[in-house]
Amino acid sequence: MMIDSITVLNSVVGKRLQLIRDATRSNSITSAEWKLLDLIEKGISTQEQLVKATDLAASTISRQIKKCFEKKLVRTCAIDVDHRKIEYYLTEDGAIVLKRVNKLVDEINKKMFSHWTDEEISMFNILANRILRNLNITG
């Protein structure tokens, strides 16, 4: 008996999130901290940019940055003349943790699509994007 599509999608997302939580936890960070480190590594390095990129409140970003700072995963650098504007950068430890977690997440993603042909992956991508577009249509 086949499970309906929505139930399967929910199960896949839930399982992937759990595997990512396990990967981040095994590296002493949260999945939110991992996402933040990834954004900083990609050059999204001010609080304003991080708020915009994540759609999270500034206070939430501040708490997450503070935790990363306490874990010595990020460092700051004042970029404004009066030192009010701050950019965040990964420390060496932050870069190492990010690389380890990214490797684990890549393995999770590869496992999800193992035994799939390139054509099947492409078709899945097309269909998933079509679903997303349908849900984003306002009417």
- Task: For a side chain to side chain contact (heavy atoms under 4.5 Å, CB included) with Thr24, tell me which candidate from Val101, Leu104, Thr30 qualifies.
- Result: Val101
Same hydrophobic cluster for [X] and [Y], using side-chain heavy-atom links shorter than 4.5 Å among ILVMFWY?
| X | Y | result |
| --- | --- | --- |
| Leu73 | Ile86 | yes |
| Ile6 | Met112 | no |
| Leu36 | Leu17 | no |
| Trp116 | Leu127 | no |

[X] side chain to [Y] main-chain N or O, any donor-acceptor pair under 3.5 Å?
| X | Y | answer |
| --- | --- | --- |
| Ser122 | Glu119 | no |
| Lys71 | Ser28 | yes |
| Asp55 | Val51 | no |
| Glu120 | Thr117 | yes |

Pairwise side-chain contact, [X] with [Y], heavy-atom cut-off 4.5 Å (strictly under):
| X | Y | value |
| --- | --- | --- |
| Tyr88 | Ile65 | yes |
| Asn136 | Leu132 | yes |
| Ile44 | Lys52 | no |
| Asn109 | Arg16 | yes |
| Asn27 | Trp34 | no |

Distance, nearest 0.5 Å, that separates [atom1] of [X] from [atom2] of [Y]:
| X | Y | atom1 | atom2 | value |
| --- | --- | --- | --- | --- |
| Arg21 | Ser26 | CZ | OG | 14.0 Å |
| Leu90 | Ile40 | CG | CD1 | 6.0 Å |
| Cys68 | Arg75 | SG | CZ | 14.5 Å |
| Glu33 | Leu37 | CD | CG | 7.0 Å |

- Task: May I have the step-by-step check of side-chain contact (heavy atoms from CB on, under 4.5 Å) for Glu87 and Thr76, ending in yes or no?
- Result: CA-CA 6 Å; Glu87 272 190 322; Thr76 60; over 6 Å; no
- Task: Before giving the answer on side-chain contact (heavy atoms from CB on, under 4.5 Å), spell out for Ile29 and Leu98 the whole-Å C-alpha distance, their side-chain angles and the decisive distance to 0.1 Å.
- Result: CA-CA 10 Å; Ile29 62 171; Leu98 178 62; over 6 Å; no
- Message: Looking at every heavy atom in both Gln49 and Gly43, which two are closest together, and how far apart are they?
- Response: OE1-O, 3.8 Å
- Note on the structure: Looking only at heavy atoms, the pair that brings Lys72 and Thr91 closest together is O-OG1, 2.6 Å
- Query: More than 12 heavy atoms of other residues, nucleotides or ligands under 6.0 Å from CG of Asp118: is that the case?
  - Reply: no
- Is atom CD of Glu48 surrounded by more than 12 heavy atoms (other residues, nucleotides or ligands) closer than 6.0 Å? no
- Task: List the steps and the verdict of side-chain contact (heavy atoms from CB on, under 4.5 Å) for Thr54 and Thr60.
- Result: CA-CA 10 Å; Thr54 61; Thr60 302; over 6 Å; no
- Quick one: do the Thr7 and Asp4 side chains pair a donor with an acceptor below 3.5 Å? yes
- Item | Gln47 and Ser62: side chain donor to acceptor below 3.5 Å | yes
- Would you please test Asp106 and Asn102 for side chain to side chain donor-acceptor pair (under 3.5 Å) and show each step? CA-CA 6 Å; Asp106 285 346; Asn102 281 347; over 6 Å; no
- Query: Would a line drawn from the ring center of Phe124 to the ring center of Phe113 be shorter than 6.0 Å?
  - Reply: yes
- Message: Applying salt bridge (charged side-chain N to carboxylate O under 4.0 Å, His left out) to Lys35 and Asp38, what does each step give before you reach the verdict?
- Response: CA-CA 5 Å; Lys35 290 175 188 175; Asp38 192 54; over 6 Å; no
